[in-house]
Amino acid sequence: QPTEDVSLAVGTLSRLNCSFAVRSGGHSPNAGFANLAGSVTLDLRNLTTVSLSQDETGSPIVCTGVGNMWGQVYEALERHTEIGRWTVGWTCNMVRNFEIVLADGFIVQTQSYGVNGADLDFALRGGSNNFGIVPCMDFTPVELGSLWGGFVVSLIDTIPEQLAAFANFSNADTYDDYSSLIMSLSYVEAAQLTAVANSIVYTKPVANLN
């Protein structure tokens with residue numbers, strides 16, 4: 001079992017006081033970002049299982065290994081028509097359970113680990129922490145139809161307006177759970193151009209939303 005293998009590796013490396021790094025599906029395009037010089041790298045790219053099940057109410061659950069790219073997850077789910085055509089919307093609120101290997105190699109299911117599990121579950125939902133290694137996660141899938149999405153690039157001299165718009169977009173009082181905005185500062189070396197790049201998605205098929 002992959003999680004048991006990760007547990008054995010982490011427990012052994014911890015006992016030997018050996019530094020190690022972890023890589024999974026490769027979210028970062030930068031070479032070397034998931035390595036540590038002179039140490040061990042735990043490579044989780046082969047943890048690509050995608051399985052479907054149901055909870056006690058009959059609602060679907062998706063378990064996915066962290067080595068997957070989202071395209072692989074979507075492709076796997078499209079083949080399982082017996083419980084509908086489901087796709088996973090990535091947000092930390094959709095995670096039902098983290099299977100995590102702690103620093104001593106102990107395996108924890110956050111959903112069933114009592115008060116400590118609830119705290120750990122909350123802490124794992126962002127923050128780039130080092131509480132352990134998560135080989136797989138359970139998600140609540142979301143049925144998804146048409147959506148709007150695009151990539152908008154603006155010159156860097158618009159940055160004051162861009163930041164103000166980003167702050168307004170992220171306002172907790174008016175935030176729309178169906179929207180997503182990822183802002184990046186980009187440099188195009190060939191054109192010697194610095195720009196603001198925005199990846200925008202709205203998961204309802206609504207045009208020209210005010």
Side-chain angles (χ1 to χ4, degrees), residues 1-15 17 19-28 33-34 42-70 72-74 76-77 80 83-84 86-144 169-182 201 203:
Q1 296 294 324
T3 301
E4 283 71 18
D5 292 342
V6 174
S7 172
L8 177 61
V10 170
T12 302
L13 292 168
S14 296
R15 285 192 297 274
N17 197 28
S19 299
F20 62 92
V22 183
R23 68 157 298 160
S24 54
H27 177 75
S28 174
F33 263 40
L42 298 183
D43 192 336
L44 309 182
R45 284 178 294 177
N46 288 330
L47 304 187
T48 56
T49 298
V50 179
S51 62
L52 289 165
S53 61
Q54 294 181 342
D55 63 16
E56 61 278 0
T57 69
S59 298
I61 303 170
V62 178
C63 178
T64 174
V66 296
N68 281 300
M69 300 290 192
W70 281 119
Q72 295 171 275
V73 177
Y74 298 147
L77 294 180
H80 291 270
I83 60 170
W86 296 91
T87 54
V88 177
W90 170 253
T91 172
C92 61
N93 291 333
M94 296 299 176
V95 179
R96 298 173 59 107
N97 178 64
F98 293 97
E99 185 171 75
I100 181 171
V101 178
L102 303 181
D104 59 357
F106 188 61
I107 301 172
V108 168
Q109 308 291 338
T110 58
Q111 190 179 43
S112 57
Y113 195 50
V115 175
N116 291 332
D119 289 342
L120 185 58
D121 183 270
F122 181 80
L124 290 171
R125 296 172 186 268
S128 299
N129 52 65
N130 287 320
F131 290 112
I133 298 175
V134 176
C136 61
M137 296 171 281
D138 294 339
F139 290 93
T140 299
V142 177
E143 192 171 13
L144 186 63
F169 172 87
S170 303
N171 188 321
D173 294 330
T174 58
Y175 186 76
D176 188 336
D177 289 334
Y178 293 93
S179 60
S180 172
L181 170 61
I182 300 175
V201 175
T203 57

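All values below were derived from every heavy atom in this structure, side-chain atoms included, with hydrogens, water molecules and symmetry-related copies excluded.
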Of the non-hydrogen atoms in Pro60 and Pro141, which two are nearest, and what is the gap between them? O-CD, 3.1 Å

Counting only N and O atoms by type, is there a donor-acceptor contact under 3.5 Å from the side chain of Ser14 to the main-chain atoms of Val10? yes

If you take all heavy atoms of Ala123 and Phe131, which pair is closest and at what distance? CB-CE1, 3.6 Å

Output the distance between atom CZ (Phe169) and atom CG (Leu181), rounded to the nearest 0.5 Å. 5.0 Å

Is it the case that atom CZ in Phe122 sees more than 12 heavy atoms from other parts of the structure closer than 6.0 Å? no

Leu44 CG to Arg23 CZ distance, which is reported to the nearest 0.5 Å: 9.0 Å

Given side chain to side chain contact (heavy atoms under 4.5 Å, CB included), test Phe139 with Val95 step by step and report yes or no. CA-CA 4 Å; Phe139 290 93; Val95 179; 3.6 Å; yes

Roughly how far, to the nearest 0.5 Å, is the CE atom of Met137 from the CD1 atom of Ile61? 14.5 Å

Which distance, rounded to the nearest 0.5 Å, do you find between the CG of Leu77 and the OG of Ser51? 10.0 Å

Can you measure from OG1 (Thr48) to CD (Gln72) and round to the nearest 0.5 angstrom? 6.0 Å

Measuring from atom CG of Asp5 to atom CG of Asn46, what distance do you get when rounded to the nearest 0.5 angstrom? 11.0 Å

Any donor-acceptor pair under 3.5 Å from Thr110 side chain to Leu120 backbone: no

If you take all heavy atoms of Asp55 and Thr57, which pair is closest and at what distance? OD1-OG1, 2.7 Å

Which of these passes side chain to side chain contact (heavy atoms under 4.5 Å, CB included) with Glu99: Val66, Val108, Thr3? Thr3

Is Asn97 reaching over with its side chain to a backbone N or O of Gln111, donor-acceptor style, under 3.5 angstrom? yes

Ile107 side chain reached by Ile100 side chain, heavy atoms, under 4.5 Å: no

For residues Pro135 and Ile133, report the shortest heavy-atom separation together with the two atoms involved. CD-O, 3.2 Å

Examine distances only and state if a side-chain atom of Thr203 and a backbone atom of Tyr178 form a donor-acceptor pair shorter than 3.5 Å. yes

Spell out, as yes or no, whether a donor-acceptor pair under 3.5 Å connects the side chain of Asn68 to the backbone of Thr49. yes

